[in-house]
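See structure below.
Keep in mind that this is a model prediction, so the values were computed, not measured. Per chain, numbering begins at 1; letters A, B, ... match sequence-line order. Hydrogens, waters and symmetry mates play no part in the numbers below; they use all other heavy atoms, side chains included.
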Protein chains: 2
Amino acid sequence: MRKEPTTAADARGRVTELIRDARICLLTTTAVDGRLVSRPMGLQAAEFDGDLWFFAYADSAKVRQIRVNPQVNVGFSDQRRHAWVSVAGTAQEGWDRARAERLWNPLLKTWFPDGLDTPGITLLKVHVSSVEYWDSPGGTVVNLLGF
Amino acid sequence: MRKEPTTAADARGRVTELIRDARICLLTTTAVDGRLVSRPMGLQAAEFDGDLWFFAYADSAKVRQIRVNPQVNVGFSDQRRHAWVSVAGTAQEGWDRARAERLWNPLLKTWFPDGLDTPGITLLKVHVSSVEYWDSPGGTVVNLLGF
Ligand SMILES: Cc1cc2nc3c(=O)[nH]c(=O)nc-3n(C[C@H](O)[C@H](O)[C@H](O)COP(=O)(O)O)c2cc1C
């Protein structure tokens, strides 16, 4: 079992590490009928600073859902390392070409075949409200409020 | 890439397989302040039949949250196999000793040291409303409504 981090800065560093390693998360939103729905998403962590960034289609269900209810959860599982992270935040959609260029990576071609010129491509920014993580199966949860 | 299942029964079988293999999921609930929060949970899949079962503490945040809003998401990530499952459902808490005995496994001792006699232990049943799964990174999503 890992040593518990003793300071908020340690905990923050550990979350950044866990998130960076995971790369793929589950993004949960609330559907208009009230169901909670999630889907795997590639996280663009190039400039991790408390906001999480995703590429998405402007007309996708998730983007329509966050226009109605911006509350989302971004969940990371790393079963091999027995690490889990739950990020609660609010999502906002908006295209920013310069930022998209900094965040782009070639793996995204799978979902956006024409790269940044793919019709309908947009960016989702998740502003983090709170973070919790679990670092080992029996490990105590570490809370980071107001990340 | 796996062959897409051609029938609903195939898809159902595949989801059962993915869920059984994953064992640990992220259970997402809505907090009273509206945040979406998730935590890793061990799934008790011994009698998988469209309902998912978890052991929990009756006074835990998640149980209090589902009393207010029973909508939950149960998300599974298996990055090694490139498989993801999202289950939307409604959760209900209720103790049932006979069922708990059938669902119990010794690994649960980590969280419930006195086994089924642990004070405050209860069962959570998630009744499945809809399921989606992704079976490979570029694979199309498969929808199973009314599981
Ligand atoms: C490993 C993996 C990574 C994915 N990454 C993205 C992504 O970065 N952006 C995206 O829009 N969809 C991505 N998808 C597809 C989504 O999971 C989802 O099927 C799609 O975005 C439509 O979701 P929605 O209808 O709920 O809006 C990914 C799928 C997988 C399996």
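Listed here is the closest heavy atom pair of A:Gln71 and B:Arg35: OE1-CA, 3.6 Å. Closest approach of A:Val37 to B:Asn73, counting heavy atoms only: CA-ND2, 3.6 Å.
At a 4.5 Å heavy-atom cutoff, the contact between A:Leu26 and chain B is made by side-chain atoms alone. Proximity to chain A (any heavy atom under 4.5 Å) is shown, for B:Thr90, by neither the backbone nor the side chain.
In this structure, the separation between CD on B:Gln79 and CZ on A:Phe76 is 10.0 Å, given to the nearest 0.5 Å. Going from atom OG of A:Ser38 over to atom CG of B:Leu36 covers 10.5 Å, rounded to the nearest 0.5 Å. Atom CZ of B:Arg80 is separated from atom CZ of A:Arg80 by 9.0 Å, given to the nearest 0.5 angstrom.
The candidate with the highest count of non-hydrogen atom pairs below 4.5 Å against chain B, out of A:Gly89, A:Gly42, A:Ala88, A:Pro40, is A:Pro40.
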